[in-house]
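Worth saying up front: this structure is predicted, and the values here are computed from it rather than measured.
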Amino acid sequence: MASLFPINLRGARLRLGWTLDRLAGEAEKCVSKAMLSRYEQGASLPTPAVVGQLAKALRVPVSALLTESAFNVDFIAFRKTTHLPAMEQNRIKAETEWRLRLRWDLMRVVGETPAPPVLPRYEAAEKSAAEAHASALRLEWGLGNGPLPNLTNLLEDRAFEVISLRANPAFSGISAWVEHRHPVIVVQHRDDDGARQRMDLAHELGHLVGNPVDADTEEDYAGLFGAALLFPEAAVRREFPVRRNRITLAELKTVKSKYGISFEAILRRLRDLNLLSQEGYSWWYAKGNIRRQEKRETPVPPEMPGRPVRLASRALTEDLVSIDTLAQSGDYPPDVLEDMKQQAPLRRDSLQQEYLRMPAGERRKTFRKEAEELALHYAANRDEILSDLMDDIEE
């Protein structure tokens with residue numbers, strides 16, 4: 001049995017937010033809580049029958065618990081202002097690792113290699129340096145000073161893994177590194193608040209590129225970086241060229257639609273750049289004006305990662321993965337799965353699929369074993385060798 005079984009079992013459990021007691025119950029009590037704990041610690045290994053029962057309870061294929069594919073994921077700490085229960089933090093991390101593993105498995109079977117981006121790192125003596133750093137990144141990436149229509153696509157084009165998941169409302173986002181080289185950004189999926197989702201993405205990008213000297217200002221730095229990336233100072237001054245005491249709702253609507261950011265983000269940028277007086281800024285927050293107006297407006301559409309869909313579609317149409325496996329990954333909404341089903345192969349060679357999804361080392365072992373078995377067979381049945389040769393000659 002694969003040595004990574006303990007890691008896979010714990011990850012499959014945590015992504016559902018289950019305790020050991022819950023898993024023991026869901027597995028129809030085929031195994032005790034104490035034994036499950038031993039499995040996760042690697043102190044014991046279950047029988048194939050128990051593995052099957054656990055996979056059924058966890059709603060994953062047996063192969064997901066036995067796979068040998070693994071990589072190191074280093075998470076940057078959850079925001080200090082976020083009050084998430086420890087179980088939910090573990091669940092989010094486990095869900096992230098689960099989705100990443102399937103994505104990288106798909107890359108392997110279709111022959112793609114993840115290319116780490118050349119990502120700058122900025123040193124900051126104080127949080128205000130984030131403004132200049134956001135401008136520097138825009139310049140390095142050739143983005144100009146205009147709107148960023150789809151930040152998720154932009155990051156994916158630069159080899160980021162972007163994951164959108166549903167979690168406790170207190171969760172906004174977290175960033176990570178795979179094998180210390182490949183950047184990952186995880187954000188809350190927001191059905192009706194794409195503007196906030198984009199700000200979360202930009203905020204986490206700030207954590208990945210920024211390196212404030214003072215750790216206490218890290219969150220402030222990331223927040224300012226995110227705002228400056230989505231609505232750079234040059235763009236703010238182009239839209240609002242002079243300092244004013246009042247901003248109209250019509251202006252807020254226009255800028256929100258153009259730059260994909262919230263009313264509150266626009267007003268904070270104007271205040272921070274001294275283009276709106278404190279009196280004019282405070283007016284919008286009196287009696288909840290700003291939040292009431294924002295709720296009445298058409299929301300910015302949420303962004304969905306496109307790269308996982310491309311990978312899954314290619315693997316599916318080439319008969320390298322099943323639609324059931326994709327459904328269990330959690331990376332694809334029901335409507336996307338339905339669209340992919342339309343071109344899924346009608347017949348599947350499950351043995352070929354299983355072989356192609358094996359890590360290279362495991363494939364070599366399987367091939368060597370089959371060759372040895374074939375050699376033993378022909379050693380015991382020498383008359384079949386001549387028969388096979390004659391068939392080849394006749395063909």
Side-chain angles (χ1 to χ4, degrees), residues 79-81 120 122-149 151 172-173 193-207 209-297 300:
R79 298 184 191 179
K80 296 175 183 177
T81 55
Y122 301 117
E123 299 289 339
E126 52 188 18
K127 67 179 182 180
S128 59
E131 186 85 44
H133 294 168
S135 296
L137 184 66
R138 272 184 167 258
L139 180 64
E140 183 163 336
W141 283 1
L143 303 178
N145 291 309
L148 303 178
L151 184 56
S172 295
D193 197 353
R196 184 173 176 187
Q197 181 194 49
R198 283 163 55 84
M199 188 61 75
D200 289 339
L201 283 168
H203 181 107
E204 295 305 324
L205 178 58
H207 280 302
V209 302
N211 189 25
V213 174
D214 182 0
D216 292 336
T217 66
E218 186 174 353
E219 287 300 326
D220 290 337
Y221 171 93
L224 179 54
F225 178 93
L229 181 73
L230 291 175
F231 197 21
E233 181 175 355
V236 178
R237 295 189 182 280
R238 184 168 60 243
E239 302 290 345
F240 303 93
V242 297
R243 189 175 189 275
R244 293 157 55 185
N245 293 321
R246 290 288 185 271
I247 297 295
T248 70
L249 179 60
E251 288 176 293
L252 291 176
K253 289 181 179 180
T254 299
V255 173
K256 175 182 178 179
S257 175
K258 185 174 180 179
Y259 290 90
I261 58 177
S262 67
F263 288 172
E264 291 189 71
I266 298 168
L267 290 170
R268 282 197 300 271
R269 290 294 282 152
L270 291 172
R271 181 199 61 187
D272 292 345
L273 294 173
N274 200 31
L275 291 172
L276 178 64
S277 68
Q278 182 60 44
E279 178 190 1
Y281 176 82
S282 299
W283 182 88
W284 280 102
Y285 286 87
K287 300 179 182 179
N289 283 336
I290 189 68
R291 291 180 176 83
R292 186 167 57 251
Q293 291 293 350
E294 192 96 63
K295 288 180 180 179
R296 294 175 182 172
E297 293 308 306
V300 174

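Not one N or O on the side chain of R198 forms a donor-acceptor pair closer than 3.5 Å with the backbone of D193. Formation of a donor-acceptor pair under 3.5 Å by the S257 side chain with backbone atoms of K253 is not found in this model. Checked by atom type and distance alone, the side chain of R269 pairs as donor or acceptor with a backbone atom of F231 at under 3.5 Å.
Results of the side chain to side chain contact (heavy atoms under 4.5 Å, CB included) test with L148 over I261, L230, L201 single out L230 as the only residue that passes. R237 pairs with exactly one of N145, V242, L273 by the side chain to side chain contact (heavy atoms under 4.5 Å, CB included) rule, that one being L273.
The shortest heavy-atom contact between A202 and L151 is N-CD2, 3.8 Å. Of all the heavy atoms in G146 and R238, the pair that sits closest is CA-NH2, 4.2 Å. Closest heavy-atom contact between A195 and S262: CB-N, 3.7 Å. When all heavy atoms are compared, the tightest approach of S128 to L224 is CA-CD2, 4.0 Å.
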task: Step by step, work out the side-chain contact (heavy atoms from CB on, under 4.5 Å) result for E131 and F225.
output: CA-CA 6 Å; E131 186 85 44; F225 178 93; over 6 Å; no
task: Using the side-chain contact (heavy atoms from CB on, under 4.5 Å) rule, take L252 and L267 through it: C-alpha gap first, then chi angles, then the decisive distance, then the call.
output: CA-CA 8 Å; L252 291 176; L267 290 170; 4.1 Å; yes
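Between I247 and W284 the shortest side-chain heavy-atom distance falls below 4.5 Å. V255 has its side chain out of reach of F263: every pair of non-hydrogen atoms, C-beta onward, lies at least 4.5 Å apart. Taking 4.5 Å as the limit, every side-chain heavy atom of I266 sits out of range of all side-chain heavy atoms of V236. By the 4.5 Å heavy-atom criterion applied to side chains, R138 and P232 are counted as neighbours. Proximity of S172 to R196: side-chain heavy atoms (C-beta onward) are separated by under 4.5 Å at one or more points. The closest side-chain heavy-atom distance from F240 to L270 is below 4.5 Å.
Between E279 and R246 there is a salt bridge, since a side-chain N of the basic residue sits under 4.0 Å from a carboxylate O of the acidic one. Between K256 and E251, no side-chain nitrogen of the basic residue sits less than 4.0 Å from a carboxylate oxygen of the acidic one, so the salt-bridge criterion is not met.
A distance below 6.0 Å separates the ring centres of Y221 and H133.
Distance check: M199 CE to H203 NE2 gives 10.5 Å after rounding to the nearest 0.5 Å.
No hydrogens or angles considered: a donor-acceptor pair under 3.5 Å links the side chains of N274 and R243.
For S282, the side chain to side chain donor-acceptor pair (under 3.5 Å) test picks out Q278, with sequence neighbours left out.
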